[in-house]
Protein chains: 4
Amino acid sequence: MNKIKVAIIGASGYAGLELVRLLARHPGCELVALTSLEYPGRSFDQVFPALAGIVRLPFSDSGPEEIAAQAEVVFTAVPHQAAMGMIPGFLERGCKVVDLSADFRFPEANLYEKWYQAHTAPELLAETVYGLPELHREEVRKTRLVGNPGCYPTCVILGLAPLAKAGLLQPDSVIADCKSGVSGAGRQALLGITFCEVNDGFRAYKVLEHRHTPEMEQELSALAGTRVKVTFTPHLVPMSRGILGTLYAGLTESRSEEELRGLYYRFYEGHPFVRLHPPGRLPDTRDVRGANFCDLALRVDPETRRVIVLSVIDNLNKGAAGQAIQNFNLMVGFPETMGLEVVPFVP
Amino acid sequence: MNKIKVAIIGASGYAGLELVRLLARHPGCELVALTSLEYPGRSFDQVFPALAGIVRLPFSDSGPEEIAAQAEVVFTAVPHQAAMGMIPGFLERGCKVVDLSADFRFPEANLYEKWYQAHTAPELLAETVYGLPELHREEVRKTRLVGNPGCYPTCVILGLAPLAKAGLLQPDSVIADCKSGVSGAGRQALLGITFCEVNDGFRAYKVLEHRHTPEMEQELSALAGTRVKVTFTPHLVPMSRGILGTLYAGLTESRSEEELRGLYYRFYEGHPFVRLHPPGRLPDTRDVRGANFCDLALRVDPETRRVIVLSVIDNLNKGAAGQAIQNFNLMVGFPETMGLEVVPFVP
Amino acid sequence: MNKIKVAIIGASGYAGLELVRLLARHPGCELVALTSLEYPGRSFDQVFPALAGIVRLPFSDSGPEEIAAQAEVVFTAVPHQAAMGMIPGFLERGCKVVDLSADFRFPEANLYEKWYQAHTAPELLAETVYGLPELHREEVRKTRLVGNPGCYPTCVILGLAPLAKAGLLQPDSVIADCKSGVSGAGRQALLGITFCEVNDGFRAYKVLEHRHTPEMEQELSALAGTRVKVTFTPHLVPMSRGILGTLYAGLTESRSEEELRGLYYRFYEGHPFVRLHPPGRLPDTRDVRGANFCDLALRVDPETRRVIVLSVIDNLNKGAAGQAIQNFNLMVGFPETMGLEVVPFVP
Amino acid sequence: MNKIKVAIIGASGYAGLELVRLLARHPGCELVALTSLEYPGRSFDQVFPALAGIVRLPFSDSGPEEIAAQAEVVFTAVPHQAAMGMIPGFLERGCKVVDLSADFRFPEANLYEKWYQAHTAPELLAETVYGLPELHREEVRKTRLVGNPGCYPTCVILGLAPLAKAGLLQPDSVIADCKSGVSGAGRQALLGITFCEVNDGFRAYKVLEHRHTPEMEQELSALAGTRVKVTFTPHLVPMSRGILGTLYAGLTESRSEEELRGLYYRFYEGHPFVRLHPPGRLPDTRDVRGANFCDLALRVDPETRRVIVLSVIDNLNKGAAGQAIQNFNLMVGFPETMGLEVVPFVP
């Protein structure tokens, strides 16, 4: 098989590192370029000794032109704003792009601009696909530019999509109480994420202000056919990876747990990365660590007609790099699971 | 000053240990007896070397008669059911009792019996006081038997009491999404709380089934003057101590954040252990570690008229031993803060 | 390719779980039986939901006869004593066996019996091979019974073997100060390894008494051609996996760091799982997490003529299951790295 | 009692924070000034909400003149080099000083200058006292300037002092394999100490290069009356606080464990902060968390005539702030334990 040549822009952050980890063993692709603003000229395994002898490519600081001359597909794992500055250059030169930033997650510039800043490539938004394959698999197959979802939105949208689609979500009732590991804050030198400031503690942050909110609302509203509002509260857990979303929603009509479980089961049939827990079992973020799964469980409170969905993902995997590779596989015609058949890392 | 003679029944669990830690430095009391079913005859500091040279009392397995002959006040830190078996014996012999189990938290046997089991001392329930001093300080002063609140209920009730009292809580809207450190599971050999089964993970448990639910509903309903229902979801955090409650409630009338902050401020004026965060700051469980504080912050979502309260306590301290000593102080006429002026343990 | 049929005896402990994790993706083998005394009849992924949809085999409690009828190779991951009770039965029926217990790590019964208990199958000891492929690759290829090394001995022996072989070790000078993650204590309900008894602490244990000492001494002595004594101090680190050995030894002759690095380089040439760090870099247990590597670095103190070797492994992988599979590969004629080309799990 | 007026220079680092935590409840002193280069003008409890309502002093950036006008005793908890720049100014104005930096730990400038940089106040070195009260209590009582020991040296020197004093240490045999919590790296934004770079890992650092080595050698040599060399290997443990030193030394004469225990017992008689474990028990860093204890245990390997001492302290307490207050108490004539009668924080 001819291997696809792949470049990773921003390979020294945690999402970039996870892309390298996974793509190093992906049977259908060849890593040809890794860029980093911090480590140009140093070899990848010098910066990340864990990969000593596995990935020896040097970090480069090559520009789009040079990258596009080598690579067929580009993963951009750089901060928002930086991404939209370089992606048009990759597309013009014929590359396909999976963008892990927030820059191409919204079909219209105004919502993006409300939460982020001015968009410098709005002409691309119409063709962009929101890369949640469980919802948009066919569009992903056909596009050249995927906006890879945020970690929290992946967790929340997959947790509520079947209800939204079935018209069962009370539009104003949705609460997403989410808890994330520290790698979600990125690989950077910040006092607030040093070990001693996180260890043996738990806190909420950015209550009612987190930028992932509009992504959740956009996708759930599209599914529901009506505007769904999400009250989203992120929290920081003293662990490296993982997100657990505890999702609360009022039901428009009474349904038993069993009926809802059937609904979910049918919704995700044929989607290999969503696993629905049987009655009596609840997911743990450790069950999906290092893998591309989203594990779900649900409970119904008959008294209040409220459903509680538990949704877990690995924020760096299904919440970033794993999902990006899932999108990549679809974009280049590979089996959706290629390179992602990883057993979760326990204990 | 004459020191009060104190016994701790069940001093080798975590709540018992925390009682010993705090009472060892309480200027108004003297520890006269520590019991333990597991370690009778061994000295306290042999089992807990951290207290070497500080507490040398031997663990005993003395019965109520012997204990009552030595002690004026008894803290019972044993599992529910065991507590109600021995407490009548202490009371008869003239001791005052602070019970840390669930056995005397309900004014009527039927609610207790629905969630736990048959009550063997129902005749005492009428005189029992629910030991949340911020709500029942005057009754605590006068009683001989306090039912010390559960850890989760302390966190949730203190977080919502001002709203309930003011009639602002929509009775069916309350969601208490709570996250606890592992010491909440007690000091016992269980596979599910071994390090490797907890570390670097996060999970919910006992969704819609946790026995602390009726305590929350009882107190909030009493304050509100109407039946308040609580959807309560406990989670396990890979940390030793601390509970953070993220509490969601619909408001019956629109209120600004500032108005609510004023309401809370007035409600807790004169209560030294509740600290309200200023705007822009959110509590961390680490801020109250080892201390008897409950730290609160609140946010209002103007669009949905929903309030989010963040409430943190140390589950072993304000959620157990610290609160028990606060009750003890009131019961014997000491200043409420005596022995509890501990600076939280950071970092 | 014809897949080798494999059984795992004791598949519900951590070493067993790691075997399943790795073998589930090993291209040359097929899992045919998983046994467990605790969970007979339950499916593997019911007990370990992380593997939901990946390994559905039920746990059995089948005896040797039944197992041998299905499997060509048996991994025994049961406690010592239990292993030697069943292994003769597997061998008689034609199975090859990799034993992860301590029962077949010593060529003579007396040393085993001094540290453990009476040996019930001493007649097998002569043909047993100590399964450290970096030292005994050719013997492993030919044997039907491998005694898979202990985790600490793997770390220590690989760290000092080149020095021992070169006659550079002062026989009485060796100190192995080792630090292990908690999974080394196994998957069991013990108070001392519950989260709250381990978190945010560090301690030594079994100083001068740990049973892994004779293994280290046996192999290093054999390499050195003289009796090497090891002062071994194990410690418990609040992490799930990993061992770091800080190994101190006096040199019989003065050598520079560079000379010793050259010696190590040549010794491990052709051994794909040992990675020698370049000058200026020190290994972290995280660099080998989930993988079969042993990473080494060394420093020489010119003043005392003392060498310090840092050696890290994943105790469940190179220290147990990974090494067992490496032995398996050699025993059945597969490439040594088959199924073990796993990228370490970072961050 | 007249309270001593105290200033803390550098009160926003971890040692400074621990000083504030402890001094806020010290019955004999009054905090009059807290300085910080980072937070001037902000109140202490705004930066550290854990102390809300307890310490409200604003951080200042006052110079020595202003500080000396308010304070009788100054604790300098700033980096080395900065300390020696300001301390002469405090002394001239009549303050006593406890310096937590390395600047005044050496009686002669040349050793300091070999490991650090040029000394700018060498004229003060002769009168400086190395503030390990277990060795220099009487000198501390009389001095106006204490060089407070480093954390690692405190752990190592206390662990070996009785042997050194008794002439039992083989001068070239000492190995100090030490393991520290992350707070030892200070409160600063560094990538290498972010949660995800430390969690679930273990590593050595600065092998043979750590600046605490000469402190250890200086004190042990002085006790032994001959030059003692220390091979010192520091490691980083994924925990917030605590140091455990595993100390190896050859004995010049054969001694039994019991004899050595007697030696230690006599050496530390009358020193309230050193606790010697009975046979069969080993110390855990958790046993001294938040307290000023140094807990010791020892084992002798009869075969090699080598002793192993386990020594634990809390690096921020006995290793920094607690010891500084112990010195302060001695310098101003308070009981040595005043304000330090803290029960260790378990669990």
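Below, read A as the first sequence line, B as the second, and so on, with proteins coming before strands; counting in each chain starts at 1.
D:Phe202 and D:His235 have their aromatic ring centers within a separation under 6.0 angstrom.
Counting heavy atoms from C-beta on, the side chains of D:Ser43 and D:Phe59 never come closer than 4.5 Å. Residues A:Met86 and A:Thr76 are in side-chain contact: their nearest non-hydrogen atoms beyond the backbone lie under 4.5 Å apart. Residues D:Tyr39 and D:Gln46 have side chains not in contact (no heavy-atom distance under 4.5 Å, counting atoms from C-beta outward).
Of the residues D:Ser12, D:Pro58, D:Ser60, the one that meets the side chain to side chain contact (heavy atoms under 4.5 Å, CB included) test with D:Ser36 is D:Ser12.
Near-neighbour residues of residues 237-245 of chain D relative to chain A, defined by a heavy atom under 4.5 Å from a heavy atom of that chain, comprise D:Pro238, D:Met239, D:Ser240.
Note: A:Ala189 leads A:Gly181, A:Ala189, A:Gly192 in heavy-atom pairs under 4.5 Å with chain D.
Between D:His210 and D:Phe232, the ring planes lie perpendicular to each other; the angle is over 60°, past the 30° to 60° tilted range.
A:Leu190 touches chain D through its backbone: at least one of N, CA, C or O sits under 4.5 Å from a heavy atom, while the side chain does not.
The main-chain N or O of A:Pro40 is never found under 3.5 Å from a side-chain atom of A:Asp61 such that the two would form a donor-acceptor pair.
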